[in-house]
J.: 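Please find one structure pasted underneath; my questions will follow.
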Amino acid sequence: MKHFKNDNIGLISTKILSSDSYKHSFLTNLVGDRCLISNKGKEANYYFPLYLYTDQNEKIPNLNKEIWNKINELVGETKPENILDYIYAVLHSSTYRNEYKEFLKIDFPRIPYPENKEEFWKLVPLGTKLRDLHLMTAPECNKLITTYGIKGSDTVEKIIYKNEKVYINETQYFGGVPEVAWNFYIGGYQPAQKWLKDRKGRTLTNSDIEHYQKIIVVLVETDKIMKKIDQLL
């Protein structure tokens with residue numbers, strides 16, 4: 001975690017799954033804990049920082065030089081972020097997750113080398129977009145697709161999803177929430193549901209309401225990009 005005290009980004013994944021399928025990929029630019037994408041004992045979260053910092057605060061890419069050079073020989077000169085984004089795109093491929101389903105239950109994900117230069121440079125921007133979405137720095141995060149127009153207490157009481165509406169109490173709801181977002185998994189969690197459940201009994205602020213609406217955008221856009229990745233792979 002000391003490497004996240006400075007400017008950095010890291011991939012998060014797991015080594016052993018207790019669930020049926022692999023959905024356990026995420027990114028962070030902050031210090032985190034072992035339950036960020038799963039709280040099950042077997043699914044301890046592992047962090048892979050893109051950069052390491054020496055005691056002299058020197059920033060070093062946390063990449064195997066031999067592997068990095070091999071990729072560069074195939075696709076041309078790359079930056080560490082390009083390698084990370086390629087990996088992140090592959091990890092969000094349903095094709096990859098299904099093909100290596102059994103292996104992903106018992107060991108760290110193993111990433112195939114790119115087939116060719118064209119494939120690599122088509123996957124990288126999709127991985128970049130996923131990275132920006134999951135860090136909530138993508139411009140799309142501000143293009144809200146849901147509504148929240150009924151006045152009330154703004155208190156999270158009983159959470160119900162019905163007809164693309166997420167009710168937080170008897171009268172108030174977020175409207176226009178696609179089912180794909182409501183049911184979407186990242187790791188062992190369904191963010192659209194867990195975020196509200198964690199705030200049961202609390203009164204949402206305007207900032208909270210906007211943040212939840214951004215979460216829905218991120219989940220919908222993630223699903224779209226995953227489909228584009230599958231078309232390439």
Side-chain angles (χ1 to χ4, degrees), residues 4 8-30 32 34-40 42-51 61-64 67-68 70-71 74-75 78-116 118-138 180-181 183-191 215 218-233:
F4 289 94
N8 210 343
I9 186 169
L11 175 69
I12 310 170
S13 190
T14 57
K15 185 176 183 180
I16 299 175
L17 296 184
S18 58
S19 55
D20 290 334
S21 58
Y22 181 86
K23 305 177 182 73
H24 299 67
S25 300
F26 203 60
L27 290 169
T28 185
N29 54 5
L30 302 169
R34 69 190 300 270
C35 297
L36 184 63
I37 58 175
S38 177
N39 64 357
K40 294 182 179 180
K42 290 183 178 181
E43 299 177 4
N45 303 173
Y46 291 83
Y47 289 70
F48 303 91
L50 184 58
Y51 292 99
N62 186 25
L63 297 173
N64 181 297
I67 294 174
W68 191 9
K70 186 174 180 179
I71 295 174
L74 176 64
V75 306
T78 63
K79 298 178 181 178
E81 286 78 8
N82 299 145
I83 303 298
L84 175 66
D85 292 340
Y86 168 77
I87 291 171
Y88 206 47
V90 171
L91 289 175
H92 280 82
S93 164
S94 299
T95 303
Y96 167 84
R97 292 178 176 184
N98 290 330
E99 185 171 350
Y100 299 104
K101 181 178 179 179
E102 298 306 316
F103 294 103
L104 289 166
K105 291 181 180 180
I106 59 175
D107 205 350
F108 288 120
R110 295 172 183 252
I111 309 300
Y113 281 96
E115 291 287 335
N116 52 59
E118 182 182 16
E119 177 190 85
F120 180 85
W121 289 112
K122 284 184 177 180
L123 286 172
V124 166
L126 294 175
T128 304
K129 180 60 70 175
L130 283 173
R131 170 160 60 96
D132 291 341
L133 282 168
H134 294 172
L135 294 177
M136 285 191 163
T137 58
V180 66
N183 292 321
F184 198 94
Y185 272 91
I186 294 179
Y189 306 121
Q190 292 171 291
I215 290 174
V218 169
L219 298 176
V220 170
E221 292 300 315
T222 297
D223 180 70
K224 291 179 181 178
I225 294 173
M226 288 177 68
K227 288 181 171 65
K228 291 181 180 179
I229 293 170
D230 281 333
Q231 290 174 0
L232 290 175
L233 293 177

J.: Would you call the rings of Tyr100 and Tyr96 parallel, tilted or perpendicular if under 30° counts as parallel and over 60° as perpendicular?
T.: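 Rings of Tyr100 and Tyr96: tilted, as their planes differ by 30° to 60°.
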
J.: Could you tell me if the side chain of Ile111 sits less than 4.5 Å from the side chain of Tyr86, heavy atoms only?
T.: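 Touching, per the 4.5 Å side-chain cut-off.
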
J.: Heavy atoms, side chains only, cut-off 4.5 Å: are Pro109 and Leu91 in contact?
T.: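 Pro109 vs Leu91: side chains touch.
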
J.: Is any side-chain heavy atom of Val75 closer than 4.5 Å to one of Val124?
T.: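 A side-chain contact under 4.5 Å is absent here.
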
J.: Hey, could you give me the CG/CG distance between Asp85 and Leu130, rounded to the nearest 0.5 Å?
T.: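 Output value for this atom pair is 8.5 Å.
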
J.: Got Trp121 and Asn116 here, is their nearest side-chain heavy-atom distance under 4.5 Å?
T.: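 Trp121 vs Asn116: side chains apart.
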
J.: Within a strict 4.5 Å, meaning less than it, do heavy atoms of the Tyr51 and Pro80 side chains meet?
T.: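 Yes, at least one pair of side-chain atoms sits under 4.5 Å.
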
J.: In the structure I gave you, are the side-chain heavy atoms of Tyr113 and Leu74 within less than 4.5 Å of one another anywhere?
T.: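 A side-chain contact under 4.5 Å is absent here.
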
J.: Would you say the side chain of Glu119 lies within less than 4.5 Å of the side chain of Leu233, judging by non-hydrogen atoms?
T.: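 The answer is yes, as the side chains (C-beta and beyond) meet within the 4.5 Å cut-off.
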
J.: Salt-bridged, Lys105 to Glu102, with N to O below 4.0 Å?
T.: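 Counted as a salt bridge, because a side-chain N and a carboxylate O are separated by less than 4.0 Å.
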
J.: Measure the OG-CG distance between Ser21 and Asn98 for me, rounded to the nearest 0.5 Å.
T.: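 Rounded to the nearest 0.5 Å, the OG-CG separation comes out at 8.0 Å.
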
J.: Run the side chain to side chain donor-acceptor pair (under 3.5 Å) check on Thr222 and His92 step by step: do they pass?
T.: CA-CA 9 Å; Thr222 297; His92 280 82; over 6 Å; no

J.: I'd like to know whether CZ of Phe103 has more than 12 heavy-atom contacts from other residues, nucleotides or ligands below 6.0 angstrom.
T.: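 Not more than 12 within 6.0 Å, no.
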
J.: If I take atom CD1 from residue Ile87 and atom CG from residue Leu123, how far apart are they, to the nearest 0.5 angstrom?
T.: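 That separation rounds to 12.0 Å.
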
J.: Would you say that Ile186 contacts Lys23 through its side chain, given a criterion of any heavy-atom pair below 4.5 Å between the two side chains?
T.: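 Counting from C-beta outward, Ile186 and Lys23 never come under 4.5 Å.
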
J.: To the nearest 0.5 Å, tell me how far Thr78 OG1 sits from Ile83 CD1.
T.: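 These two atoms lie 3.5 Å from each other.
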
J.: Given 3.5 Å as the limit, does a donor-acceptor pair link the side chain of Arg34 with the main chain of Tyr46, or not?
T.: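 Checking the backbone N and O of Tyr46 against the side chain of Arg34, no donor-acceptor pair under 3.5 Å is found.
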
J.: When you look at CZ of Phe4, are more than 12 heavy atoms from neighbouring residues, nucleotides or ligands closer to it than 6.0 Å?
T.: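 Yes, the 6.0 Å shell around CZ holds more than 12 heavy atoms from other groups.
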
J.: If you take the centroid of each ring, where Trp contributes its six-membered ring, are Tyr189 and Phe26 closer together than 6.0 Å?
T.: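 No, the ring of Phe26 stays outside the 6.0 Å limit from the ring of Tyr189, centre to centre.
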
